[in-house]
Amino acid sequence: MVEVLFYIGVLQLTVVFLAIAAGLISLTLFRVSHQNKELSAWKSLMVVVVLFALVEVVGFLDAFNIWREINYMRHIIPSFVLIFLIIAIIKQIAVTKEQRCS
Amino acid sequence: MVCSFIPCVSKIAPLYNLAFSIIAFGLLIALISIKMKNKRVFIKPWYYLLSAISIFILEELITALKFFNIISETAIPRWFNAVFELIMVTLFIYMLFVQINHVTNKYKTDAVNCKAKREVNKSKGRNKGNK
């Protein structure tokens with residue numbers, strides 16, 4: 001049992017660090033996506049990645065019993081993640097159609 | 001069974017998250033089918049996003065099945081979720097690197113093209129001046 005908990009802990013830590021790294025990497029696209037109209041979908045996608053990192057941090061705080069009161073956020077934040085994701089995909093479809101016509 | 005708004009929403013959230021993720025999956029399929037008709041458009045990172053969404057749907061499906069007590073916690077232990085999340089994060093990072101690489105290459109070629117055009121225009125101007 002202890003071993004299983006150890007592996008879950010290691011996995012959670014890895015996921016949190018990688019999610020924060022992904023959030024930071026996505027922010028590097030911020031300036032470029034503002035300048036280029038083709039990358040407008042990436043603005044929403046950046047929000048998706050940052051919110052995903054937030055979900056992982058909340059999950060980590062819950063799993064390690066640091067802040068259990070925000071446990072409910074683990075299922076609510078993904079809804080916003082998915083809403084922004086749908087917006088990003090719709091924007092990308094519009095951009096792709098525009099490029100196809102031009 | 002009195003419960004406040006947010007905990008209730010959080011309990012039912014996996015179900016509507018599943019609905020949202022299926023909508024997102026459908027839209028991604030639509031995006032890829034548009035790409036099939038036009039090869040010029042670069043949507044390679046979106047394929048990785050599609051894989052991540054597929055894993056997310058699987059994760060949400062398991063959560064929903066646990067919510068309805070169709071499968072027990074022992075059948076699919078909690079570390080499965082952590083593994084799914086790890087795969088998703090890895091796909092996100094790879095997707096971002098692919099996009100950053102594409103943007104960098106595109107700007108480099110655009111800058112080289114601009115420089116070449118400027119030089120051609122300059123030489124044309126000089127030729128006109130000489131004539």
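In this text the structure is predicted, and so the values were computed from the model without any measurement. Below, chains carry the letters A, B, ... as their sequence lines are ordered, and counting in each starts from 1. Hydrogens, waters and symmetry mates are skipped; everything else that's a heavy atom, side chains included, is used.
- Distance check: A:Leu24 CG to B:Ile93 CD1 gives 10.0 Å after rounding to the nearest 0.5 Å.
- Two residues are said to be in side-chain contact when any heavy atoms from C-beta on lie closer than 4.5 Å; B:Leu49 and A:Leu45 meet this criterion.
- Closest approach of A:Ala19 and B:Val89 over heavy atoms only: N-CG1, 3.7 Å.
- Ranked by heavy-atom pairs under 4.5 Å with chain A, the first of B:Val9, B:Val83, B:Val103 is B:Val103.
- Looking only at side-chain heavy atoms (C-beta outward), B:Glu85 and A:Val55 stay at 4.5 Å or farther from each other.
- At a threshold of 4.5 Å between non-hydrogen side-chain atoms, the residues A:Phe52 and B:Phe92 count as touching.
- The choice from A:Leu18, A:Thr14, A:Asn36 that makes the most heavy-atom pairs within less than 4.5 Å of chain B is A:Leu18.
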Report the C-alpha distance between B:Phe20 and A:Val81 in whole Å, list the side-chain angles of each, state the deciding distance to 0.1 Å, and finish with yes or no for side-chain contact (heavy atoms from CB on, under 4.5 Å). CA-CA 10 Å; B:Phe20 278 144; A:Val81 171; over 6 Å; no

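- Contact record, A:Ile86 with B:Ala24: CG1-CB, 4.0 Å, taken as the closest heavy-atom pair.
- Across all their heavy atoms, A:Ser79 and B:Asn17 have their closest contact at OG-OD1, 2.7 Å.
- The 12-atom threshold is not exceeded at CZ of A:Phe30, counting heavy atoms of other residues, nucleotides or ligands nearer than 6.0 Å.
- For a residue to count as touching a neighbouring chain, one of its non-hydrogen atoms must lie under 4.5 Å from one of that chain's; by this rule B:Pro45 touches chain A with the side chain only.
- Each of A:Ile93, A:Leu29, A:Leu85 has some count of heavy-atom pairs under 4.5 Å with chain B, and the biggest count is that of A:Ile93.
- Here the closest heavy-atom approach between residue B:Arg78 and residue A:Ala63 is recorded as NH2-CB, 4.4 Å.
- Expressed to the nearest 0.5 Å, how far OH of B:Tyr16 lies from CD1 of A:Ile76 amounts to 5.5 Å.
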side-chain contact (heavy atoms from CB on, under 4.5 Å) between B:Lys106 and A:Glu38: does it pass, once the steps are laid out? CA-CA 12 Å; B:Lys106 202 185 167 194; A:Glu38 275 174 39; 2.7 Å; yes

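- Rounding to the nearest 0.5 Å gives a distance of 11.5 Å between CG of B:Leu27 and CD1 of A:Ile87.
- Interatomic distance, CZ of A:Arg74 versus OG1 of B:Thr63, reported as 9.0 Å (0.5 Å rounding).
- For chain A, the option among B:Asn81, B:Leu96, B:Leu28 with the highest count of heavy-atom pairs below 4.5 Å is B:Leu96.
- Here the OG-CD distance, from A:Ser26 to B:Gln99, works out to 12.0 Å after rounding to the nearest 0.5 Å.
- Distance CD1/A:Ile90 to CD1/B:Ile23: 9.0 Å, rounded to 0.5 Å.
- For B:Ile43, the part sitting under 4.5 Å from any heavy atom of chain A is the side chain, from C-beta outward, and nothing else.
- Residue-environment remark: CZ (B:Phe97) stays at or below the threshold of 12 foreign heavy atoms within 6.0 Å.
- Contacts between A:Ala88 and chain B at a heavy-atom distance below 4.5 Å involve backbone atoms as well as side-chain atoms.
- Counted within 6.0 Å of CZ on A:Phe80, heavy atoms from surrounding residues, nucleotides or ligands total 12 or fewer; the atom is thus considered open.
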